[in-house]
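Step one of this worksheet: look at the structure below.
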Protein chains: 2
Amino acid sequence: MYQPLYNHIKRFVDLSADEEEILTSTLKSFSFKKKTFLLEQGQICRSNYFVVKGCLRLYFIDVNGVAQTTQFAIENWWISDLTSFMFQKPSDFFIQAAETTEVIAIAHQDYEKLFERIPKLEKYFRLIFQKLHQASQQRIMFLYSFGAEERYRHFNGLFPGFVQRIPQYMLASYLGFTPEFLSKIRTIK
Amino acid sequence: MYQPLYNHIKRFVDLSADEEEILTSTLKSFSFKKKTFLLEQGQICRSNYFVVKGCLRLYFIDVNGVAQTTQFAIENWWISDLTSFMFQKPSDFFIQAAETTEVIAIAHQDYEKLFERIPKLEKYFRLIFQKLHQASQQRIMFLYSFGAEERYRHFNGLFPGFVQRIPQYMLASYLGFTPEFLSKIRTIK
DNA sequence: TTGCTTTCTTAAACTAGATTAAGTTTTTTG
DNA sequence: CAAAAAACTTAATCTAGTTTAAGAAAGCAA
């Protein structure tokens, strides 16, 4: 049930059978059909999600009423609205299943407790957040580096095949332009 | 010498006298004059920096040869090029003192060792990176939310006074537009 | 206190990408 | 399978912000 997460944790720290049991009694596993919302604007983000299979997207609705995708999470990535999760305050974001998706969730009320019972997890999450922050640094650099068309081509090179998994309008907003523009650059070359 | 950092750590975890001593023997303290480079493109980022006083900026040179500021660090913030720091590979970034700045540095070769000697620091840095990642999520949302002028006004509201501390061209690139444009919107209203 | 360097301003011409709007294709669902 | 809904395309028009260029201030070193 939780094996994919245990395997992921074991890439970074050891995990005893006892510790696995504690986790097993704390974690929750869910399957969400495509388009299901795990979080909606105004709700409090109650969990941090680990994607076992499928794809989630984090987005918000901008001042013009347009959905802006700020993050995707695929296999072995964690996702949540950290501002809402950390402070348990209403979120500005939506988290939605871009495909039918299996997740493992840690609820907020269990989160800090879990670190007390399994201190090793501090290291695991320190490394996870270190990596997430590194990914954010790269993403911001990438957004500032290139024009819209180059961002598309570069992204395609980094994640070949991912483009087929999601609707173009989600990718367009993630890359910071309109679906119409994406449509245009796809036909020219 | 390292007291500002110890105070900061103690906001999140306890720190014994012994542990302070270990830190004291490991950390390094520096003062950098305005415009000094702590890291240059092509070099390996050897340290993670804690700003005691002053301001550092992280930037890179884009394809058009223009400097793009992706992060500022002021008092009590950590900064480094994580991609370069984590993998000890040449950096795409510069880290430069925007003001004369006092920092406390953890060298890469001491970094993972330090966690072995003071496991508590795992929690501290887990929380630091959690917060940094949260800040990145907010920043990306902010970049996608508004037009250029609104970004400037919003930033000014969030960090009143900071605008006076740094040259406008640094702020302009951080906010994602040109210095000329910033000059324009400052005069109109 | 002068000269040199860095930063800021102004304004005209320009362009990458947005907007709008209508039509087409694909996917989903009953 | 048929109908409806969702996703994609195309093209004309438009605009927020860039580029270029030249001059004015401000900061700093000698």
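The structure displayed is predicted, hence computed values, not measured ones. Sequence lines set the chain letters: A, B, ... in the order given, protein chains first and strands last, and positions in each chain run from 1. In what follows, every heavy atom counts, from backbone to side chain, and hydrogens, waters and symmetry copies are set aside.
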- Mark up nucleotides 9-26 of chain C, 5' to 3', with B wherever a protein heavy atom is under 4.0 angstrom from a base atom, S wherever such an atom reaches only the sugar-phosphate, and - elsewhere. BB------SSBB------
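Comment: R165(B) engages E75(B) in a salt bridge, judged by a side-chain N to carboxylate O separation of less than 4.0 angstrom.
For the pair Y169(A) OH and dC8(D) P, the computed distance is 8 Å after rounding to whole Å. If you take CD1 of I185(A) and P of dT10(D), they are 13 Å apart, rounded to a whole angstrom.
A donor-acceptor distance shorter than 3.5 angstrom exists from the side chain of E19(A) to the backbone of S16(A), with no hydrogens or angles considered. Counting only distance, with no hydrogens or angles, the side chain of T36(B) and the backbone of K33(B) share a donor-acceptor pair below 3.5 Å.
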Pairs: protein N or O with nucleotides 25-30 of chain D N or O, under 3.5 Å:
none

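In this structure, H108(A) and F85(A) have perpendicular ring planes: the angle between them is above 60°, well past the 30° mark. By the 30° and 60° cut-offs, the orientation of the rings of F125(B) relative to F115(B) is perpendicular.
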- Task: Decide side chain to side chain contact (heavy atoms under 4.5 Å, CB included) for L143(B) and Y144(A); before the verdict, give the C-alpha distance in whole Å, the side-chain angles of both, and the deciding distance to 0.1 Å.
- Result: CA-CA 11 Å; L143(B) 286 171; Y144(A) 280 66; 3.3 Å; yes
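Between R151(A) and L175(A), the shortest heavy-atom contact is NE-O, 2.8 Å.
Residue-environment remark: NZ (K10(A)) exceeds the threshold of 12 foreign heavy atoms within 6.0 Å.
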